[in-house]
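Structure record follows, encoded as structure tokens.
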Amino acid sequence: VISVVPWRILTHERVRSALAIAGIFVALLLIFLQLGFYFSVPEGGMLLLDHLKFDVLLTSKKYVFQAQSQIFPRHRVFEAKEVPGVASVSALYQNSTVWRSSVDGTRTNVFVFGADLADDVFTFPEFRADRAQLSERDTVLVDVHSKPSFGRLYAGRRVEVNDRKVTIVGTYDVGIGFVGLGIIVTSDVNFTRLFPGLTRDNVSLGLVRLVPGADPARVVARLRQIMPPDTEILTRDEIAARESAHWVRSTSVGLVFGFGVIIAFIVGLIILYQTLAAQIVRNLPEFAMMKSIGYTAGDLSAVVVRLAVVMTGIAFVPAVLVAVVVYKITAVATLLPIYMTFGRLMSVMALALAMSFGSALFSARALRRADPVELF
Amino acid sequence: MNLRAENLREAFQGDWVPLALRNLVADPKRMARAVAGIGFASLLMLMQLGFKHGFLESALQFIHVLDGEIFLVSHTKYHFGETDTFPRRRLYQAAEDPAVLWARPLYAERRTSIWKNPESRRAYAIQVLAFDPDEPVFTLPEVAAHLEAIKTPNTLLIDSRSRSFIGATLVDDRPATEIASRMVKVVGAFALGPDFTVDGTAIMSDRNFLLYFPQRAGGLHLTRVDIGVVKLAPGTDPEAVARRLAARLPDDVQVLTRQGLLDLETRFQLDVSNVGPIFLLGTGIGFVVGMLISYQILFNDISDQLPQYATLKAIGYGDGYLLAVVLQQSVFYAIASYVPAAILAAVVFHVIGEIVLLPMEVTPAIVGGCAALAVGMCVVAGVAAVRRVFEADPAEVF
């Protein structure tokens, strides 16, 4: 009986049950959205690093975050190549400067990557595919997600970058993260043409790739042994943790969305509790009847908890589906890397069930009021 | 039916019953729960709009502390943080206008101004603003108090609201650190705050600016200006003078009123930071959530009082009267829960503002806008819930 009653309650007044489930659905959706925004912050910070091919990253000791990575001697990168277990190394150059349209003179900020054309440093294929064109003087690839202020991005267009005329030879599709309003990629030679004050002897990042089967921990330990204190050695996980820490803790972005998540949980809990409490109060006479025919308070609580879990479970499915759609729309509108992860899905599920369990037990207190004598 | 309703209304004329209000306060515990539910939804909306405002406003803080009514910037300038200068001669030309009291230069550097945290010795890029201490351009009282102090070579003032990793608060104990690879002594602090792209700010004299950033500001004579600050004679119309100056000055500069400069920077921030759509979406969700909560509350209220409503119907009150009662009640719910929510928001904004260093303000626009949304969501909920009253059949209830 205890497993049948919750279903009967749900199917008895379908419209009302649907409304209650809609309430839980919105609460879950709210939590999903705020969580999505929150986690998009470290994701956005990691976006470009995620598209670089490396197992171990060398940075300057003064590295703050990717757009403020500072520089360190290129020797260090070559030195890393001598360590057993290292398959290949590449130097990566980064800087930000001004992009100016040659037609109307509008200016905007652009982030520039430079790398040796012989190296395989990016996950997108265009850098290697367009090697021939990029080996020409003053040629660049541009990310299609660069802001609209960059104008139409097509091969052959000429623009000014840091007051130097360059030609766009193609586009690629990665995203711009938090490094600027747009990104261009060019060869290391063209990079130093764009920034005459910089030399190739100083690099922004060193990408170290290991031979298959090599133990990253041992390579990192060895690198830390041989590198002077001007260079930092980080595994992929370590750089991800550092980048997240910067965006989530040091800037206001993470904190603000963190507060959003907290408020979403509180509001979600309130909706859940109210919805369940309303369902119970509505069926108070029936519960009183069950009491009078001999069911214990524990039985009634079990019914309520089952009801709560079933309603939350039903609301969960559309909440996930709509959240995925809203994530997609937000990702397109804001270019933030917002997407559903299995981990998030499971943790919200667990949390929602815990929350509904708690509020069911809490609202089951109303059942004590269910006095058979008083009701009839 | 209608006749009886008329008579009844007449009978109650001298002694009108505020039914909606009585419904509201009948059960204090229920009212507390309702106020908490709707209030939190209102708080959610208030916070989303507050964050949006705080994010945008953080980038405008430096404009608010500039003296003057008109600002000159390079014609291609789109964002204060991007170095784009114009010749200082434009300021002399602007000063010739009879309505202009003075036109003074402000210099800025963000790229090579690497600051060393005095304790950790780690380096961070901060923003450096510079002006002639004999021709001040800031309204900040702490800057005005240190005009003599910053004339000393190798000195600066630091923003005490810079992000903590800069180590600006450590300088009380260790006033000496480095900026642009040169020793510098911190002789005072002011309160401004960081934004989306700036982690900290320092203010120094134009002479010191030359020492630290000789490549900037047009060499030894400081001939390249980032922002020209123009002060007008009291009582002149900034719009009219701005139009006059724009017509007179060469077109390598933009002449902007204070609002014009604010708009320029806001456009850039909206473009770079995505805060518009995100926080509006959050506000929208808050609205839907609030609507659902208040619908549930009203629906339960009505369900509990169904016999009473049925009785009213039985003695001749029409649907219009009942609708008015329910709508009144929903507006009362909105007001009763919005007031504590707004007060709580003011406290929460203050606390969060200090933690995340954003200018979180409860502006009239936010309070008013959210109040309208809160009333709106309760009224929509009321309209949806009132059907329950219409369906109340006196014969069935008893």
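Owing to the predicted nature of the structure, the values given are computational and were not obtained by experimental measurement. In what follows, chains are A, B, ... by sequence order, proteins preceding strands, each numbered from 1.
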Task: Most chain B-contacting option - heavy-atom pairs closer than 4.5 Å, from A:Leu29, A:Thr330, A:Thr108 - done: A:Thr108
Open item on the list: For A:His246 and B:Phe165, take the angle between the two ring planes, folded into 0 to 90°, and tell me which bin it lands in: parallel under 30, tilted 30 to 60, perpendicular over 60.
Closed with: tilted
- [ ] Any chance you could lay out the side chain to side chain contact (heavy atoms under 4.5 Å, CB included) test for A:Val326 and B:Leu281, step after step, and finish with the verdict?
- [x] CA-CA 10 Å; A:Val326 177; B:Leu281 186 68; 3.9 Å; yes
Task: Derivation and outcome, side chain to side chain contact (heavy atoms under 4.5 Å, CB included), residues A:Ile262 and B:Met47 - done: CA-CA 12 Å; A:Ile262 293 171; B:Met47 284 192 40; over 6 Å; no
Task: Closest non-hydrogen atom pair between B:Arg122 and A:Arg242, with its separation - done: NH2-NH2, 3.1 Å
If you round to the nearest 0.5 Å, how far is [atom2] of [Y] from [atom1] of [X]?
X	Y	atom1	atom2	result
B:Ile114	A:Gln70	CD1	CD	4.5 Å
B:Phe40	A:Leu269	CZ	CG	10.0 Å
B:Leu44	A:Ile270	CG	CD1	10.0 Å
B:Met360	A:Phe259	CE	CZ	8.5 Å

Residue [X] versus chain B: region with a heavy atom under 4.5 Å:
X	value
A:Phe257	side chain
A:Leu30	both
A:Ser149	side chain

TODO: For B:Arg121, look at atom CZ and say whether over 12 heavy atoms of other residues, nucleotides or ligands are found less than 6.0 Å away.
DONE: yes
Task: Aromatic contact, A:Phe65 with B:Tyr124 (centres under 6.0 Å) - done: no
Open item on the list: At a 4.5 Å cut-off on heavy atoms, which part of B:Arg33 comes close to chain A: side chain, backbone, both, or neither?
Closed with: both
- [ ] With a 4.5 Å cut-off on heavy-atom pairs, point out which of B:Thr76, B:Asp199, B:Leu292, B:Leu43 contacts chain A the most.
- [x] B:Thr76
Task: Pair B:Ile285-A:Gln34, side chain to side chain contact (heavy atoms under 4.5 Å, CB included): steps then yes or no - done: CA-CA 10 Å; B:Ile285 290 280; A:Gln34 293 293 339; over 6 Å; no
